Amino acid sequence: MRPWPARIPGKGIMDKATDNTPRVRTRFPPSPTGALHLGGARTALFNWLFARHHGGDFVLRLEDTDRKRSKDEHVQGILAAMDWLGLDYDEGPHYQTKRLERYRQAIDQMLEHGRAYWCHCSPEELTKKREAAMAVGGKPMYDGACRDKNLGPAPGAVVRYKGPRSGSTTFKDLVKGPITFDHKELDDLIILRSDGWPTYHLAVVVDDIDMGISHVIRGDDHVNNTPRQILLYQALDAELPQFAHVPMILGPDKTKLSKRHGATAVMDYLDLGYLPEAMINALARLGWSHGDQEKFSRQELIDYFDLNSVGRSAAVFDTDRLLHLNQRYIQESDPARLAALLPPFLAARGITDYDQAVLLACLPELTPRAKTLVELADWAEPFLVDEPAMDPKAVKKFLGPERVPVLERVRALVEAKGVDHPQELEQDIKSLAGELGVKLGEVAQPVRVALTGRTFSPGIFEVMGILGDGRVMARLNRALTLASK
RNA sequence: GUCCCCAUCGUCUAGCCAGGUCCAGGACACCGGCCUUUCACGCCGGCGACACGGGUUCAAAUCCCGUUGGGGACGCCA
């Protein structure tokens with residue numbers, strides 16, 4: 001039995017007066033200390049899907065209380081990545097740095113109720129204690145030195161939450177089931193830093209309370225934080241949201257995905273020639289499944305997504321699967337859209353001035369062959385430049401003097417009939433091969449190299465049709481010159 | 001070290017909650033074949049897993065316990 005209704009109609013559809021079910025509201029709270037990476041993107045996607053599935057709201061919040069590492073360029077990058085993936089938000093972005101007063105007020109409230117206290121321990125002392133505890137094989141926890149000293153504010157002082165010393169906290173994780181932590185495992189965490197800014201734990205809880213978040217869906221690495229945060233909700237006399245912890249995304253070596261695993265930022269994949277829908281699909285299937293279905297449209301994802309189908313174990317991000325998905329999405333993409341996406345990839349190869357009509361015409365022949373936009377640009381190159389680069393190996397093998405007679409016969413055929421009727425041309429060239437007593441390949445390969453400079457390409461008759469009489473003749477002549485010497 | 005979590009083909013996973021229909025299904029990758037003017041696409045086939053040990057049961061991939069292995073968390077980062 002799900003703790004929330006299977007279906008909550010969208011905004012304005014249901015009469016609010018009769019709807020006493022709290023509205024589903026999820027959030028994605030990245031910290032702008034780096035680019036949006038795959039794990040974060042998937043967390044964002046799951047929150048987005050959950051909200052969309054239930055007709056609720058998706059809130060974006062930038063957790064920028066780490067004044068040293070937060071950078072505006074990173075918030076721009078994160079916003080761009082969200083946009084690329086099509087993860088639109090109903091609210092935000094909110095910035096924690098703009099809510100400082102509210103955090104201080106919450107901390108004051110806890111101080112007044114005796115649920116927090118000032119601590120004057122120095123970072124150095126704490127580090128020393130932590131190391132000492134580790135050395136003896138214990139869990140490095142704050143020993144509560146200032147807990148009962150009744151200290152007041154002072155330069156360098158911090159505020160700590162005064163947690164229970166006994167008992168335990170249990171929460172029902174929507175993905176993992178019930179999880180219990182003994183309070184003895186928890187120490188008095190800092191909620192206000194000496195620099196006057198709140199810490200993550202305090203800010204996240206206050207924000208989620210204020211923003212009416214109903215479901216906190218986040219990475220596995222936060223399970224340990226959950227009991228501490230639940231205690232904070234209670235210290236603030238607030239209602240608890242539901243928690244769902246999705247498993248980590250691992251690198252090929254099965255450790256937490258990080259920069260050393262290569263392309264881990266979402267936007268890396270834009271540059272690598274991936275389509276956002278392929279990325280979305282791949283991310284969705286990492287840890288979540290819907291029977292044996294592998295490929296999902298955005299709407300299907302929204303319709304089918306549910307936390308019950310999220311797996312409990314960590315998963316390795318498999319770029320081969322992403323690549324395969326990308327290929328399939330490219331195959332079914334509208335040529336016009338692909339043509340619009342291609343310029344940067346073409347430009348990377350020095351192709352900036354080309355015939356748009358030719359691009360559009362060759363795309364249908366190219367999409368079954370390209371797995372990425374980078375590859376697609378590579379396949380398109382011979383069609384878009386005046387004189388395609390000739391692969392030396394291909395020339396050596398197929399454009400020697402012995403090929404001159406064949407090429408001349410082909411040139412004569414093209415000259416006589418043109419390339420507007422590929423089928424007829426195909427028949428003629430097949431007859432030619434028959435007449436010469438050779439296999440079609442003996443004719444086709446030299447022609448292919450002549451036309452594209454490479455030994456592989458779409459069918460040569462298709463190539464001719466796309467190139468048109470003029471270009472075909474020019475390339476045939478060029479090849480003949482090359483073969484003659 | 002302590003705490004928490006996890007455990008089905010190389011990888012992503014279905015099946016597990018409601019035990020038998022599973023000598024475990026799909027997908028990616030890989031291998032072979034077909035198609036074929038090249039390269040692809042497509043199609044057909046192959047390889048390949050219930051971590052281990054106990055228990056419960058007529059029956060366990062499915063339930064319980066333990067072991068082992070892996071991951072995560074232990075910050076005035078989030």
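Since the model is a prediction, treat every value here as computed from it, not as a measurement. Chain letters run A, B, ... following the sequence lines, proteins first and then strands; every chain starts at 1.
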Query - Contact pattern, 5' to 3', of nucleotides 5-13 of chain B - B, S or - by protein heavy atom under 4.0 Å - result: SSS---BBS
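- Taking atom P in both B/C50 and B/C77, one finds a spacing of 47 Å when rounded to whole Å.
- When the C1' atom of B/G72 is taken as reference, atom CD1 of A/I249 falls 14 Å away, rounded to whole Å.
- Residue-level contact check: A/K439 touches neither bases nor backbone, having no heavy atom under 4.0 Å from any strand.
- When heavy atoms are screened at a 4.0 angstrom cut-off, A/T255 is found touching the sugar-phosphate backbone but no base atom.
- Using cut-offs of 30° and 60° for the angle between ring planes, the A/Y200 and A/H222 rings count as tilted.
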Query raised in the report: Could you run down nucleotides 31-52 of chain B 5' to 3' and tag each one B, S or - for protein heavy-atom contact under 4.0 Å?
Result: ------BBBBS-----------
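- Aromatic rings from A/W288 and A/F46 are positioned such that their centres are separated by 6.0 Å or more.
- Using a 4.5 Å heavy-atom cutoff, the side chains of A/Y117 and A/K149 are not in contact.
- Here the side chain of A/N224 is nearest to one of B/G75, B/C76, B/C4, namely B/C4.
- Here B/A73 sits opposite B/U2 as a Watson-Crick or G-U wobble pair (both hydrogen-bonding atom distances under 3.5 Å).
- Taking the P atom of each, B/C17 and B/A60 are spaced 14 Å apart, rounded to whole Å.
- The residue A/N225 sits close to a base: some heavy atom pair falls under 4.0 Å.
- Residue contacts shown for A/C121 include a base, since a base heavy atom lies under 4.0 Å away.
- B/G19: no Watson-Crick or G-U partner with both key distances under 3.5 Å is found in any strand.
- Base engagement by A/H222 is indicated by at least one non-hydrogen atom pair under 4.0 Å involving a base atom.
- Within the structure, every pair that satisfies the salt bridge (Lys or Arg N to Asp or Glu O under 4.0 Å) test and touches residues 181-201 of chain A, not counting sequence neighbours, is listed here: A/K139-A/E185, A/R147-A/D188, A/D187-A/R228, A/R193-A/D195.
- Using atom P as the reference point in both B/G26 and B/C47, the two lie 12 Å apart (nearest Å).
- Across all strands shown, B/A51 forms a Watson-Crick or G-U wobble pair with B/U67, both key distances being under 3.5 Å.
- Partners of A/N326 according to the side chain to side chain donor-acceptor pair (under 3.5 Å) rule, which considers only residues two or more places apart in sequence or in another chain, do not exist here.
- Between A/V449 and A/T455, the closest side-chain pair of non-hydrogen atoms falls below 4.5 Å.
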**Report entry** Chi angles and distances behind the side-chain hydrogen bond (donor to acceptor under 3.5 Å, both in side chains) call for A/D306, A/S309
**Finding:** CA-CA 6 Å; A/D306 73 300; A/S309 300; 2.9 Å; yes
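- Formation of a donor-acceptor pair under 3.5 Å by the A/R67 side chain with backbone atoms of A/W197 is not found in this model.
- In this structure, a donor-acceptor pair under 3.5 Å is absent between the side chains of A/D220 and A/H245.
- If you take NE2 of A/H290 and C1' of B/A14, they are 12 Å apart, rounded to a whole angstrom.
- When the P atom of B/A78 is taken as reference, atom CG of A/D208 falls 14 Å away, rounded to whole Å.
- Within the nucleic acid shown, A/R130 comes within 4.0 Å of sugar-phosphate atoms alone, with no base atom in reach, counting heavy atoms only.
- Atom CD of A/Q423 sits in a sparse spot, with 12 or fewer heavy atoms from other residues, nucleotides or ligands closer than 6.0 Å.
- In this structure, A/T65 reaches the sugar-phosphate backbone alone: every heavy-atom distance under 4.0 Å involves primed, P, OP1 or OP2 atoms, never a base.
- Between B/U62 and B/C23, the two P atoms lie 14 Å apart (nearest whole Å).
- A/R193 has no side-chain polar atom (N or O) that falls below the 4.0 Å cut-off from OP1 or OP2 of B/G75.
- Sorted by first then second residue, the salt bridge (Lys or Arg N to Asp or Glu O under 4.0 Å) pairs that include residues 448-464 of chain A, not counting sequence neighbours, are A/D378-A/R454.
- In a base pair of the Watson-Crick type (N1 to N3 plus N6-O4 or O6-N4) or a G-U wobble (N1-O2 and O6-N3), with each distance short of 3.5 Å, B/A40 is matched with no nucleotide.
- Proximity of a side-chain donor or acceptor of A/R160 to a complementary backbone N or O of A/W118 within less than 3.5 Å is not detected.
- Nucleotide B/U62 is matched to nothing when pairs are restricted to Watson-Crick or G-U wobble geometry with both distances under 3.5 angstrom.
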Report summary line: In 5'-to-3' order, the base (B), backbone-only (S) or no-contact (-) status of each nucleotide in nucleotides 17-23 of chain B, using a 4.0 angstrom heavy-atom cut-off, is -------
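- Contact of the A/R321 side chain with the A/R285 side chain is registered, since non-hydrogen atoms from C-beta on lie closer than 4.5 Å.
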